[in-house]
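Numbering of residues begins at 1 and proceeds along the displayed sequence. Atoms within a ligand are numbered from 1 in the order they appear, just like the ligands themselves.
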Amino acid sequence: MTAQQTNPRSNPKLVRTCSIWRALEVLGDVPTLLILEAIWLGENRFDRIHSRTRLSKPLVTERLKKLNADGILERRLYCAKPPRYEQKLTPKGRALFPVTMMLLRWEKTWSSSGDTLGMRLIHNDCGAPIEPEPLCSHCQGIVRPQDIEWREGPGLSMMEPEYTRRRQHRNRQAIAENISLFTDSAELLGDRWAGLVMRAAYTGLHKFDAILEDSGMASNILADRLAWLVEHGFLKATLYQNSPDRFEYHTTPKSLDYLPILLILQHWGDQYYGSEKGPPVILHHTRCNSQLNIYAGCGNCKEELRLSNIGVERNQSGGQ
Ligand SMILES: [Zn+2]
Ligand SMILES: [Zn+2]
């Protein structure tokens, strides 16, 4: 839990605003994801969250405070004497549920860890096991990366990047040991910098300098994240110039399949952090020629998946 990083820029340049960026400011952090997973699995009290996540108590306290300040969680008194509180998801926190559905979808295809949760999720509306899909609310088709166009929206602006919490660490051990649902995707989602690099790649920025400019991160951090993303198959590096060697970075099938996670995050970010003028980026679904309004839907009946219409069946064999 160390390796705090500082941005060496003395004059930070302006970067493009985007709801993904804002959402990653809140969620792009491994301890935060661990805590949210614990709460999603029904652990609402401090001691239970602490023992499930195995994070240090000060770290749990700090992240819970942040999640309360960000309006994702709220404290409720459950015992008057002595006063004890439990953590509940707010409507804004519950609105993150579709993100977890997209994480599960991606894990199914790409995770190396298999089913460690030991439970089966059922869509109560249709009775089918949950197979989440990213769907277009206009045509109900599955949203595929090649059918999306990114357009500038009315709320597009530039902002000074304010990387306030210098707490990006790559605690893969902690993920491997503690997280049940999103073993592999949490590695990427839990790293805000890596998320910003992927945003650039998805939106057509492939060269080092262009990504640097877009994200406002320090060049050593960018170099580190590019190496990690290539090593883990999220980006493919192609040489486009010799001496000095320069590379372009492009998405892979694995990272294209990850895109719905960021799109749903963006949708959430637009809802809660959008400017009054409207969203900074508008997505267009070329298959139905409409503005894309994406949702996490049931692969069987196409209805929206909500926390309230999901049933859980514990598997006979194991799980926690
Ligand atoms: Zn559509
Ligand atoms: Zn269904």
### Task
Output all residues satisfying side-chain hydrogen bond (donor to acceptor under 3.5 Å, both in side chains) with Tyr273, sequence neighbours left out; order by chain, then residue number.
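So Tyr273 forms a side-chain hydrogen bond (donor to acceptor under 3.5 Å, both in side chains) with Lys92.
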
### Message
Restricting to ring-ring contact (aromatic ring centres under 6.0 Å, His included), what partner residues turn up for Phe46, sequence neighbours left out?
### Response
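None.
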
### Heavy-atom side-chain proximity of Met198 to Phe234 below 4.5 angstrom
yes

### Query
If we ignore angles and hydrogens, is there a donor and acceptor under 3.5 Å between the side chains of Gln87 and Asn68?
yes

### Message
If hydrophobic residues (ILVMFWY) are linked whenever their side-chain heavy atoms come closer than 4.5 Å, directly or via other members, who joins Leu77 in its cluster?
### Response
Tyr85

### Query
Considering only N, O or S atoms, which atom of His285 is nearest to the Zn ion (ligand 1)?
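Of all N, O or S atoms belonging to His285, ND1 is the one nearest the Zn ion (ligand 1).
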
### Query
Can you check whether Val143 reaches Leu135 side chain to side chain, under 4.5 Å on heavy atoms?
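SC-SC contact between Val143 and Leu135 ruled out.
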
### Task
Taking atom NZ of Lys236 as the centre, report whether more than 12 heavy atoms of other residues, nucleotides or ligands fall under 6.0 Å from it.
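At most 12 heavy atoms, drawn from other residues, nucleotides or ligands, come within 6.0 Å of this atom.
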
### Query
Can you tell me the angle formed at the Zn ion (ligand 1) by SG of Cys139 and SG of Cys288, to 10°?
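That angle works out to 110° after rounding to 10°.
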
### Message
Strictly under 2.8 Å of the Zn ion (ligand 2): which protein N/O/S atoms qualify?
### Response
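Per the 2.8 Å query on the Zn ion (ligand 2), atoms found are His123 ND1, Cys126 SG, Cys298 SG, Cys301 SG.
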
